[in-house]
Chemist: 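Can you read through this structure? Questions will come right after.
Predicted model, so just to flag it, every value in this text is computed and none were measured. Every chain is numbered from 1, with letters handed out A, B, ... down the list of sequences.
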2 protein chains.
Amino acid sequence: MLTQSIQQLKNHKIRVTPQRQIILTYLVTHHNHPSVETIYQDLETQLPNLSLATVYNTLKLFVDLGIVIELQNGDAGTHYDFFGRPHYHVVCENCGKITDVFEPDLSSVEVKAAEISGYLVTGHNMEVYGLCPDCQKALGVTQPSDLKRLNLNLSHSE
Amino acid sequence: MLTQSIQQLKNHKIRVTPQRQIILTYLVTHHNHPSVETIYQDLETQLPNLSLATVYNTLKLFVDLGIVIELQNGDAGTHYDFFGRPHYHVVCENCGKITDVFEPDLSSVEVKAAEISGYLVTGHNMEVYGLCPDCQKALGVTQPSDLKRLNLNLSHSE
DNA sequence: TTTACTGCAAACTATTTGCAACTCA
DNA sequence: TGAGTTGCAAATAGTTTGCAGTAAA
């Protein structure tokens, strides 16, 4: 997984620097959908002189290569996820937690979209919104109709 | 369509100001996925004193109500789309064009995601990436393998 | 050796906020 | 009437960039 991604860098004649290796390793081994700031802080012991700009540049590079994808969860910054196996995300509209979901396979949607739109399709990104189990408990929500009495900034809750 | 949305504002006891009506009308009648700046400029003749902050605030309000959704197409700002009927988007990774697609219905994915994740699901957002017909022509791309020789910042193109 | 990369700080820019004036209900 | 809304300007904050020094290949 890591080796493959490093090979991918080499294939593109992109230098494999310690910073890139360490950031990539971090992403491969952490499935917590970190923000730039989180990555920066978590790596400061390993790479004391690491620059925030380098984290930005590196993530952008990985995104362009398709190794990593960008996610938004409603808070300020952008979050990142190693995309070794196709999947999509469910985002909690209350706490911002992001959960990976590996089913169903949505590649058929790409085919359908290509047919209808005439685009040459290269990929997709699916985000499902809702309330995570913890927030459901904390807020006393057990069914969709309960959402109506909440003052949350929940989209789609009419 | 417009009337329904205005009724929705009233239901939420949100004031129907001229700014809100005009911005809403603009969104209902324009399917060009405008940015904040585009909306602001297009409305300056109708509302000479309109503030950019008001456009931001109004759009945020509409998004929170689920009337409008936010989109990213790779350029700096955020784009907006009146969401009167569920659909998703195909985004051109070269020129940033956004195209609406109304099939297939993806509500089954919400059900599946809810089952797997335990979330109480309230909505979803699907984005498909690719090259629009115009850019395919302009770039001389006719099949997926042609993407490899391009120097575009296309994700997923390995 | 050489060219790409890093780190730092400054610059940039999309978005938010404070507040006084205003206005819809 | 008065609570919610607008407009303006200033503030904020995430991200990018310029450049000199550094290091991977």
Chemist: Between atom CG in B:L52 and atom P in C:dT15, what is the gap in whole Å?
Modeler: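 In whole Å, C:dT15 P and B:L52 CG are 9 Å from each other.
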Chemist: Wobble G-U and Watson-Crick pairs count when both distances are under 3.5 Å; given that, what is the 5' to 3' dot-bracket string of DNA chain C, with | for pairing to other strands?
Modeler: |||||||||||||||||||||||||
Chemist: From the 5' end of DNA chain D to its 3' end, which nucleotides mark the outer limits of contact with chain A, defined by a 4.0 Å heavy-atom distance cut-off (strictly under)?
Modeler: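 Result: D:dG14 to D:dA25.
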Chemist: Does a side-chain N or O of A:T17 approach OP1 or OP2 of C:dT6 to a distance below 4.0 Å, or not?
Modeler: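 Checking A:T17 against C:dT6: at least one side-chain N or O falls below 4.0 Å of OP1 or OP2.
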Chemist: Specify the separation, in whole Å, of atom OH of A:Y56 and atom P of C:dG7.
Modeler: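 Taking atom P of C:dG7 as the reference, OH of A:Y56 is at 15 Å.
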Chemist: Just how far, in rounded Å, is P of C:dG7 from CD1 of A:I22?
Modeler: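 Distance check: A:I22 CD1 to C:dG7 P gives 10 Å.
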Chemist: Please name all residues satisfying side chain to side chain donor-acceptor pair (under 3.5 Å) with A:N49, sequence neighbours left out, ordered by chain then number.
Modeler: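 A:N49: no side chain to side chain donor-acceptor pair (under 3.5 Å) contacts found.
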Chemist: Listing time: all N or O pairs from protein to nucleotides 17-23 of chain C that are below 3.5 Å?
Modeler:
| from | atom 1 | to | atom 2 | distance (Å) |
| --- | --- | --- | --- | --- |
| C:dT23 | O2 | B:R15 | NH1 | 3.4 |

Chemist: Could you check how far CD of A:Q19 sits from C1' of C:dA4, rounded to whole Å?
Modeler: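 Going from A:Q19 (CD) to C:dA4 (C1'), I get 12 Å.
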Chemist: Identify, residue by residue, the members of residues 28-44 of chain A with a heavy atom below 4.0 Å from DNA chain D, and return them in order of residue number, or none.
Modeler: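 Output list: empty, so none.
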Chemist: What pairs with A:S107 under side chain to side chain contact (heavy atoms under 4.5 Å, CB included), at least two apart in sequence or on another chain?
Modeler: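 Counting only residues at least two positions away or on another chain, A:S107 forms a side chain to side chain contact (heavy atoms under 4.5 Å, CB included) with A:D105.
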Chemist: Using whole Å, what does the distance between atom P of nucleotide C:dT6 and atom CG of A:L50 come to?
Modeler: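 Distance, rounded to whole Å: 9 Å.
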Chemist: Whether the side chain of A:H31 engages the backbone of A:V28 through a donor-acceptor N/O pair (distance < 3.5 Å, no angle test) should be reported.
Modeler: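 Present.
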Chemist: Separation of A:H12 atom NE2 from C:dA4 atom C1', in whole Å?
Modeler: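 Going from NE2 in A:H12 over to C1' in C:dA4 covers 17 Å.
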